[in-house]
Amino acid sequence: MPKSNNSKKKNIAIGAGVAVAAALLGAASYTATKPADSPGTTSKEAAAGAAPSAEPPTGVYPELEKLARRDGGDRLARGRADAPVVLVEYADFKCGFCGKFARDTEPGLVKKYVDKGVLRIEWRNFPIFGADSERAARGAWAAGKQGRFWQFHEAAYAEGAKEKGFGEGRLTELAKEAGVEDLDRFTADADSDAARAAVRKDQEEAYGLGATSTPSFLVNGRPISGAQADEVFDQAIEEAARQAAGKGASE
């Protein structure tokens, strides 16, 4: 997909220092599900009370950490805007392993970390599987305009949902299921220039940091590719929280 000038500028802004991170995100297929060995303290060690480090852990890139928007009015995010850890997710509603993450892993992260104020999850629309993906992304954004993004997200990622496609009629069905009240407004919003611009912004951000597959994640600047096992996300989040605590203590 051709990139705009803004996308090229963002590529330059990220800089050569994150080339390794870009390679990590770009190399993994969206079918990747096997947990990777992640450096740093294990969950068991964290439970034993390991002291937070003032140095960023291996695999964390400050340039990528800055991609967290922390916008309190962002309808495509959940969790406190000032949470110590931000997980940015680049995903496609037609991606089977994005659905796996949404159904099997994300609810646990919300309960363990978001509800306790430790984690914020920021969604980025990254449609890479054609027109259906693009429509679903715009529909999700439109549902968010009425405060029902996460309900739409749940409906679109339900078992068997993607097999039904994301045509305009199907989007309306999903909006109803998500509890979107004004369906006429939903349809207009989903087909608006604003929706297209919002989706394009997220796409360009993902391509700019080197992501070529879904799902791709950043946890306070640490790239994670694929629908990894719960333990991979737990470890990354807990390590990022310790790092944030260490920074706070040193200030």
Side-chain angles (χ1 to χ4, degrees), residues 21-22 24-26 28-33 35-36 38 59-61 64-71 74-81 83-115 118-129 133 136-141 143-144 149-158 161-162 198-237 240:
L24 285 172
L25 285 170
S29 163
Y30 75 96
T31 58
T33 56
S38 299
V60 172
Y61 299 85
L64 299 185
E65 188 172 2
K66 294 174 184 177
L67 292 175
R69 295 171 187 171
R70 294 186 177 276
D71 178 0
D74 186 354
R75 299 293 184 91
L76 277 61
R78 57 180 160 193
R80 288 170 31 189
V85 183
V86 179
L87 182 152
V88 181
E89 176 183 5
Y90 301 89
D92 185 316
F93 284 105
K94 288 206 69 171
C95 165
F97 284 92
C98 298
K100 176 179 172 61
F101 173 80
R103 293 188 300 272
D104 298 346
T105 300
E106 192 167 27
L109 298 183
V110 171
K111 184 176 181 180
K112 286 185 289 186
Y113 303 112
V114 176
D115 290 348
V118 175
L119 178 69
R120 174 178 174 83
I121 298 176
E122 295 186 357
W123 170 272
R124 303 286 190 268
N125 276 304
F126 189 27
I128 60 174
F129 295 119
S133 294
R138 288 189 278 109
W141 181 87
F149 168 77
W150 291 105
Q151 292 80 1
F152 185 97
H153 172 279
E154 181 178 358
Y157 276 139
K162 75 182 182 68
V199 171
R200 190 180 310 116
K201 177 182 177 181
D202 288 353
Q203 274 184 318
E204 290 180 350
E205 180 176 297
Y207 284 127
L209 65 89
T212 60
S213 60
T214 55
S216 291
F217 305 89
L218 299 175
V219 178
N220 275 19
R222 167 176 285 179
I224 297 175
S225 293
Q228 303 284 338
D230 294 5
E231 291 80 3
V232 173
F233 291 97
D234 288 345
Q235 180 176 315
I237 292 165

Q: Taking side-chain contact (heavy atoms from CB on, under 4.5 Å) as the test, write out the residues that go with Ala91, two or more places apart.
A: Glu89, Cys98, Trp123, Tyr157
Q. Checking side-chain contact (heavy atoms from CB on, under 4.5 Å) for the pair His153/Glu106: CA distance, chi angles, key distance, verdict?
A. CA-CA 12 Å; His153 172 279; Glu106 192 167 27; 3.2 Å; yes
Q | Exercise: identify the closest heavy-atom pair between Pro215 and Ala227 | A | CG-N, 3.8 Å
(Q) Taking the basic N atoms (NZ, or NE/NH1/NH2) and the acidic carboxylate oxygens, is any pair closer than 4.0 Å for Asp202 and Arg69? (A) yes
Q. What pair of heavy atoms forms the shortest contact from Val219 to Ala240, and how long is it?
A. CG1-CB, 4.2 Å
Q | Closest contact, heavy atoms only, Trp150 versus Arg75 | A | NE1-O, 4.1 Å
Q: Supply the atom-to-atom distance Leu109 CG to Ile237 CD1, rounded to the nearest 0.5 angstrom.
A: 4.5 Å
**Q.** Separation of Asp71 CG from Leu76 CG (nearest 0.5 Å)
**A.** 10.5 Å
Q: Report yes if some heavy atom in the side chain of Phe93 is under 4.5 Å from a heavy atom in the side chain of Ser133; otherwise report no.
A: no
**Q.** Over all atoms of both residues, closest heavy-atom pair of Leu119 and Ala83
**A.** C-CB, 3.8 Å
Q: Enter the distance from Arg78:CZ to Asp115:CG here, rounded to the nearest 0.5 Å.
A: 9.0 Å
Q. Yes or no on ring pair (Phe, Tyr, Trp, His ring centres under 6.0 Å) for Tyr207 and Phe126, after CA distance, side-chain angles and deciding distance?
A. CA-CA 9 Å; Tyr207 284 127; Phe126 189 27; 5.0 Å; yes
Q: Ignoring hydrogens and angles, tell me if any N or O in the side chain of Asn220 forms a donor-acceptor pair with the backbone of Leu64 under 3.5 Å.
A: no
Q.
Do the side chains of Asp104 and Lys100 get close enough for a salt bridge, i.e. N-O under 4.0 angstrom?
A. yes
Q.
Is it true that, when you exclude Glu65 itself, more than 12 heavy atoms of the residues, nucleotides or ligands shown sit nearer than 6.0 Å to its CD?
A. yes
Q. What residues form a side-chain contact (heavy atoms from CB on, under 4.5 Å) with Ala77, not counting sequence neighbours?
A. Asp74, Arg120, Glu122
Q) When rounded to the nearest 0.5 angstrom, what is the spacing between CG in Leu87 and CD1 in Ile224? A) 7.0 Å
(Q) By the definition side-chain hydrogen bond (donor to acceptor under 3.5 Å, both in side chains), identify the one residue from Glu205, Arg124, Gln203 that meets it with Tyr90. (A) Glu205
Q.
Run the side chain to side chain donor-acceptor pair (under 3.5 Å) test against Asp230 and tell me which residues pass, sequence neighbours left out.
A. Thr105
Q. For the residue pair Phe101 and Phe217, is the inter-centroid distance of their aromatic rings smaller than 6.0 Å?
A. yes
Q) Do we see a donor-acceptor contact under 3.5 Å between the side chains of Thr214 and Asp92? A) no
Q: Taking all non-hydrogen atoms of both residues into account, name the closest pair between Phe233 and Gln228 and its distance.
A: CE1-O, 3.6 Å
**Q.** For Arg80, all residues meeting salt bridge (charged side-chain N to carboxylate O under 4.0 Å, His left out), sequence neighbours excluded
**A.** Asp82
Q) Quick one: side-chain contact (heavy atoms from CB on, under 4.5 Å) partners of Arg103, sequence neighbours excluded? A) Glu159
Q: To the nearest 0.5 Å, tell me how far Ser213 OG sits from Ile128 CD1.
A: 6.5 Å
Q) Atom OH in Tyr113, atom CG in Asp234: separation rounded to 0.5 Å? A) 3.5 Å
Q.
So, using ring-ring contact (aromatic ring centres under 6.0 Å, His included) as the criterion, who are the partners of Phe152 when residues are at least two apart?
A. none
